[in-house]
Amino acid sequence: MFYHSKELQFNARVSKPDPRFARLLLEQFGGGNGELKAAMQYFVQAFSCRHTYPDKYDMLMDIATEEFSHLEIVGATIQMLLNGVNGKLKDASEEESIMDMLKGKATKEEYIHQAPYNPQFCVLTGGGPNVTDSNGTPWTGAYINANGDLTVDLRSNIAAESRAKIVYEYLLQFTDDPYVKETLGFLMTREITHFQQFEAALDTIVPNFPPAILQGDPRYSNMYFNMSCGEDARGPWNEGESSRLKEEWQYVEDPKSYVQATEGLTTVEPQGTDRTEEKIRKMEKEIGKQRSKEVNEANPVGEAYWSVYKPATE
């Protein structure tokens with residue numbers, strides 16, 4: 001159940017109208033890294049873990065609901081930045097009203113053809129926000145990542161928060177309004193908060209690497225192919241011990257010759273690792289049973305219910 005409070009989570013304000021920045025800010029309203037995407041992604045992901053991971057369900061729903069609050073903040077800010085545009089457009093009986101605001105026909109032509117404002121503010125929404133990005137591309141459910149495996153979904157969310165944070169960071173460079181900067185700073189900071197919350201939740205699922213259940217082939221999991229010509233860079237991504245599987249990186253200097261010598265990598269033997277085919281198959285079976293048991297015990301076949309309401313008192 002959602003309950004709407006008419007007060008914003010953060011006291012969003014603007015110093016003056018700024019339709020140009022309102023257009024940019026649409027990116028966080030209906031864009032691929034915006035607040036609606038985040039709210040819907042976490043909302044959708046929560047369903048599959050309602051009974052299996054009730055604590056994560058609670059977290060996802062809480063953060064999803066907060067993201068709807070952030071969507072409201074962004075929409076309210078856009079609306080305030082468009083003050084003047086929406087009022088002039090309502091004066092349908094007096095064409096000069098919008099012309100005066102745009103300072104004559106030449107500026108109006110520039111407005112239409114070069115779109116210093118978003119034309120949709122004039123011809124579609126009447127001076128209000130729309131569920132699009134800054135170029136008018138409609139929001140789509142294709143933005144949503146929900147894979148039904150919580151270790152995968154939480155990693156998607158960590159990435160989503162990172163992308164949203166950098167968009168706010170860029171937006172801050174395009175406004176001088178101190179009030180708008182305050183609002184963007186709040187929203188950007190909450191992305192940092194959510195990043196940490198998703199990361200902490202992921203750490204409570206053991207094991208969580210590799211994502212999902214299948215463990216990968218030990219013949220190839222620690223191989224680095226030098227696939228480019230020129231000066232070669234070395235670092236912890238191709239030498240020393242790998243970060244998660246703790247295997248020794250195997251650097252393949254000449255991939256073409258190596259692939260030919262191993263008949264297309266079919267005769268490769270595991271090197272630099274103590275993982276074997278037998279070990280990973282055993283681990284896959286154990287993890288598969290564990291995950292299956294968690295789901296089956298939390299979601300028994302038969303009569304199902306989502307909420308538990310106490311019977312009415314007599």
Does atom [atom1] of [X] have more than 12 heavy-atom neighbours from other groups under 6.0 Å away?
X	atom1	answer
Phe174	CZ	no
Lys289	NZ	no
Asp176	CG	no
Phe186	CZ	yes
Met283	CE	no

[X] side chain near [Y] side chain, heavy-atom distance below 4.5 Å:
X	Y	value
Gln215	Arg275	yes
Tyr42	Phe68	no
Thr204	Lys56	yes
Val14	Leu82	no
Phe195	Lys165	no
Leu202	Arg155	yes
Ile73	Leu187	yes
Leu81	Val180	yes

Pair [X], [Y]: side-chain N/O donor-acceptor within cut-off below 3.5 Å:
X	Y	value
Asp177	Ser15	yes
Asn135	Arg23	yes
Ser156	Gln41	no

Stepwise side-chain contact (heavy atoms from CB on, under 4.5 Å) check, Gln45 with Asn157: CA-CA 10 Å; Gln45 288 174 354; Asn157 298 350; 2.7 Å; yes
Are any side-chain N or O atoms of [X] and backbone N or O atoms of [Y], one a donor and one an acceptor, separated by less than 3.5 Å?
X	Y	answer
Ser162	Ile158	yes
Tyr143	Ala38	no
Asn296	Lys293	no
Asn130	Thr132	no
Asp133	Gly31	no
Ser221	Gly216	no
Arg50	Trp306	yes
Asp153	Asn147	yes
Thr266	Glu263	yes

Quick check: closest heavy atoms across [X] and [Y], and the distance to 0.1 Å?
X	Y	result
Tyr220	Leu265	OH-O, 2.8 Å
Met80	Ala12	CE-O, 3.5 Å
Pro129	Gln79	CD-OE1, 3.2 Å
Glu27	Gly32	OE2-N, 4.3 Å

When rounded to the nearest 0.5 angstrom, what is the spacing between [atom1] in [X] and [atom2] in [Y]?
X	Y	atom1	atom2	value
Tyr168	Ile192	OH	CD1	12.5 Å
Leu25	Leu171	CG	CG	6.0 Å
Leu214	Ile280	CG	CD1	8.5 Å
Arg219	Thr262	CZ	OG1	10.0 Å
Asp274	Glu247	CG	CD	8.0 Å
Lys181	Met188	NZ	CE	11.0 Å

Is it true that [X] and [Y] make a salt bridge, defined as a side-chain N closer than 4.0 Å to a carboxylate O?
X	Y	value
Asp18	Arg20	no
Arg281	Glu284	yes
Glu182	Arg13	yes

Just distance, no hydrogens or angles: give the donor-acceptor pairs under 3.5 Å from side chains in residues 1-9, sequence neighbours left out.
| residue | atom | partner | partner atom | Å |
| --- | --- | --- | --- | --- |
| His4 | NE2 | Glu72 | OE2 | 2.9 |
| Gln9 | OE1 | His70 | NE2 | 3.0 |
| Gln9 | NE2 | Glu66 | OE2 | 3.2 |

Among Asn238, Asp254, Val252, side-chain contact (heavy atoms from CB on, under 4.5 Å) partner for Phe225: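 Passing option: Val252.
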Listed partners of Glu248 passing salt bridge (charged side-chain N to carboxylate O under 4.0 Å, His left out), at least two apart: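 Partners of Glu248 under the salt bridge (charged side-chain N to carboxylate O under 4.0 Å, His left out) test: none.
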Inter- and intrachain pairs under ring pair (Phe, Tyr, Trp, His ring centres under 6.0 Å), touching residues 248-282, at least two apart: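 Residue pairs passing ring pair (Phe, Tyr, Trp, His ring centres under 6.0 Å), neighbours aside: Tyr224-Tyr251.
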